[in-house]
Amino acid sequence: MANTASVVQRIETLREQINDHNYHYYVLDDPRIPDAEYDRLFRELQALEAEHPDLVAPDSPTQRVGANVETTFDEVVHRLPMLSLDNAFSEDELRDFDRRVKDRLKKDGPIEYVCEPKLDGLAVSLHYEKGVLTRAATRGDGYAGEDITANIRTIPSVPLGLRGEGFPELVEVRGEVYMPLAGFAALNSRLSDRGEKTFVNPRNAAAGSLRQKNPKVTARRPLELCAYSVAVLDEQDLPDNHWDCLKLVQQWGFRINSEMRKALGADECLEAYRALMEKRQQLPYDIDGIVFKVNDFALQRALGFVSRAPRWAIAQKFPAQEELTVIEGVEFQVGRTGAVTPVARLHPVFVGGVTVSNATLHNMDEIERLDVRIGDTVFVRRAGDVIPQVVKVLTERRPENAQIIQRPTHCPVCGSDVVQIEGEAVARCSGGLYCAAQRKEAIKHYASRKALDIEGLGDKWIDILVEKGMVNTVADLYHLTRDDLKSLDRMGNKSADNLVSAIASSRHPVLWRFIYALGIREVGEATAKALASHFGSLEAISEASEEALQAVPDVGPIVAGHVRSFFDQAHNQEIIDALKSAGVEWQSEVITASERPLNGETWVLTGSLSEMTRDEAKVRLEALGAKVASSVSKKTTCVVAGEAAGSKLTKAESLGVKIMEEADFVKFLASHGVAEGASE
Ligand code: IVH
């Protein structure tokens, strides 16, 4: 078929649109269209290119994984060496660095630095000729690395072509390739499900992924690129400072780090260090420190280099997230659903900024996969909000008397048989509510913040109440008196009163919270909400067949099976009856689908609300039938703008979408009967 002008035009438009969407999604973290819409555009482009192979271009977004292209790993000599950074391990060392900078420059006033997180990944160099990615290389020894172009092209946040106009003819962008924590966890769990070797940390996973000969394998790995420097290889000018350069690089289509900031003098650098350290556990990727760079290029040039590191930059390190320690023992803990989890007792070790003495071993399969024994020296990793993990055993350091860890045959708490269902990794205590551990966990879940939120009823008190036999099921909580509670050590009059009244005021939950609080396996908040709004009453849910349950969005055969078997167990019905007799009354979802005033509407929440959290606002809007989306589009019905609303508000304004300020939103909710308290 001839390449009609309209096909050429359409291909061009699709590429532009897709590149634009990629930029918003991967670089600005601000998606503009739903995934399904993106997929349609992508497939249309693929189909047109398949029909017109002569129109395929190397920088087309469809060409991230080229047909049968292998990564060569040929040697690449860097035009400018890829240097490393000196490290500062203390505040004093950072102040010494700043002093040296000022002395060399003979400057008295404070120096302006750019502070950037030091991402824990691999440095790469990317060459663009006339705006097209032509070569990507690893750092290697700093002077020569390996050609990894085919693999790098698969990373969605690497632009295959630079955006906009006016970029230099020949430019080299450098940055760090890394694997975000969520992707790392998902990759490891995929590998471990297949019985394959897992990676110790995201850095190793990123390195292993870039080392693949077949780019199709790399393409399946969740890698990202963050740019941190640029060099122009022809005569063209760049801005005269690092900060502006990075902003320019962002316009070309690169992700830069959103935590980047400027600091004037050593004091502000140290402030930035502390602030970033605070934030470290919440970041979605690993960092091992903060990099300070003199901002002004003229000053950078004046400072120059010493051996292989610049005099104008330094990395201040954070406490390590991996350390070695010894396994002193293994205990088995029993959870709410009876899951028996091995926990390693460790020789205490300082890791990820805290002293750690326990680490999860997940399950027996994991113990066997790691081949871990008591007495072994192991790598412990603590990163993000995840509990510390044993990630590797140093078998070469294994003592002769290292002890093999036996699968438990009986529950360590109640002595019931431990059973493991074929194909499931988790072993479970078969004791059900006979098992004190399961009872405790069930009550803890019931009282937890996201469930009935009983203030003052912490885990410690629940342990004591169950151990003393004062509470066996959640229903018993409602019979506790002030005098019962006062009989406990360290429970004062006031605390006893507060606790009795907190328990009493948990008697009228909304239906979905009550369902969630029951602790049915795999029924989280979202599923509880879906069940409540579909069935409207607990009776209807408890009587529904597995088939009927599967009519609820997101409920598949497994969850339906768990729900059914929960209500089929006589002791669960007994507990529900006992709760009813104790005066617990959940508010049914009285609004039926047709009465939901916001049915079919899509709302977006942005900025921070002062009267409620965004989650609370979401629950209330959903109770009225609205869908709450995370990005604004033409289809958005209304945007609720709280304090410091950002790009979503601007976008709503530009699209002419209705905007509601918080005060009006609160009135609006009140007029629909879902004001503060009503949905709690
Ligand atoms: S600048 C001359 N900036 O740290 C300056 N490096 O020890 C060279 N790294 O190989 C690097 N985040 O892999 C720079 N924001 C950042 C960085 C960063 C991570 C890594 C990079 C480099 C190593 C230097």
Side-chain angles (χ1 to χ4, degrees), residues 76 78-89 93-94 97 101 113-126 136-146 148 152 155 157-158 172-180 201-207 209-211 223-232 238 241-243 245-247 249-250 254-263 269 272-273 276-277 279-280 283-297 299-318 320-321 383:
V76 169
H78 299 302
R79 295 210 197 178
L80 303 165
M82 291 183 78
L83 303 164
S84 62
L85 291 167
D86 274 343
N87 292 319
F89 290 98
E93 286 183 22
L94 191 269
F97 161 78
V101 167
Y113 295 99
V114 175
C115 321
E116 299 165 20
K118 187 164 186 290
L119 293 164
D120 204 4
L122 295 103
V124 293
S125 136
L126 310 171
T138 59
R139 174 170 180 273
D141 62 5
Y143 298 100
E146 291 174 329
I148 49 163
I152 284 290
I155 302 176
S157 45
V158 171
E172 179 184 356
V173 175
R174 290 178 178 176
E176 197 85 348
V177 169
Y178 63 100
M179 191 177 284
N201 56 35
R203 200 195 114 82
N204 284 349
S209 303
L210 283 185
R211 223 179 285 121
L223 297 173
E224 283 183 16
L225 173 95
C226 175
Y228 58 62
S229 79
V230 56
V232 170
L238 283 176
N241 66 78
H242 180 64
W243 179 272
C245 260
L246 289 188
K247 293 285 170 187
V249 162
Q250 184 183 35
F254 289 90
R255 174 189 276 268
I256 57 172
N257 199 291
S258 55
E259 305 299 326
M260 202 173 88
R261 56 177 269 194
K262 287 184 193 169
C269 284
Y273 169 83
L276 188 60
M277 177 102 129
K279 216 167 167 189
R280 185 187 193 189
L283 292 177
Y285 43 77
D286 263 2
I287 57 174
D288 57 354
I290 183 166
V291 186
F292 301 112
K293 299 174 181 171
V294 171
N295 191 25
D296 188 329
F297 285 152
L299 298 185
Q300 286 192 5
R301 276 191 297 274
L303 287 160
F305 302 90
V306 54
S307 74
R308 297 179 54 187
R311 284 203 192 89
W312 44 263
I314 197 156
Q316 191 173 6
K317 301 292 276 222
F318 288 158
Q321 290 187 309

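Every number for a ligand or one of its atoms is a count from 1 in the order of the listing. All heavy atoms count here, side chains included; hydrogens, waters and symmetry mates do not.
Here the straight-line distance linking atom OH of Y285 with atom SG of C226 works out to 7.0 Å at 0.5 Å rounding.
Atoms of ligand 1 found under 4.0 Å from any heavy atom of P310 (numbered from 1 in listed order, with element): 2 (C). Within ligand 1, counting atoms from 1 as listed, the ones closer than 4.0 Å to a heavy atom of P117 are 12 (N), 15 (N). Each of the atoms 10 (O) of ligand 1 lies under 4.0 Å from some heavy atom of R139.
For the residues F292, Y228, Y178, the heavy atom positioned nearest atom 16 (C) of ligand 1 is part of Y228. Here the shortest heavy-atom distance to atom 3 (N) of ligand 1, taken over K293, R308, K118, belongs to K293. Nearest-residue assignment for atom 21 (C) of ligand 1 (options M260, M82, R203, E176; heavy-atom criterion): E176.
In terms of protein heavy-atom proximity, atom 15 (N) of ligand 1 is nearest to E116 OE1, 2.7 Å. Ranking protein heavy atoms by distance to atom 8 (C) of ligand 1, first place goes to L83 O, 3.7 Å. Nearest protein heavy-atom neighbour of atom 12 (N) of ligand 1: L119 N, 3.2 Å.
Residue contacts with ligand 1 do not include G121, since none of its heavy atoms lies under 4.0 Å from the ligand.
Ring geometry, F97 versus Y113: the interplanar angle falls from 30° to 60°, so the pair is classed tilted. Ring pair Y273/F318 is tilted by interplanar angle, where 30° to 60° counts as tilted.
A salt bridge does not link R79 with E172: every distance from a Lys NZ or Arg NE/NH1/NH2 to an Asp or Glu carboxylate oxygen is 4.0 Å or more.
Counting heavy atoms from C-beta outward, V114 and M260 have side chains that approach closer than 4.5 Å. E93 is not listed as a side-chain neighbour of I314, based on a closest heavy-atom distance of 4.5 Å or more. At a threshold of 4.5 Å between non-hydrogen side-chain atoms, the residues Y143 and R308 count as touching.
For the pair L85 and ligand 1, the shortest N or O to N or O distance falls below 3.5 Å.
Residue R174 places its CZ atom among more than 12 non-hydrogen atoms of other residues, nucleotides or ligands, all under 6.0 Å distant.
With a 4.0 Å heavy-atom cut-off, ligand 1 is reached by no atom of A315.
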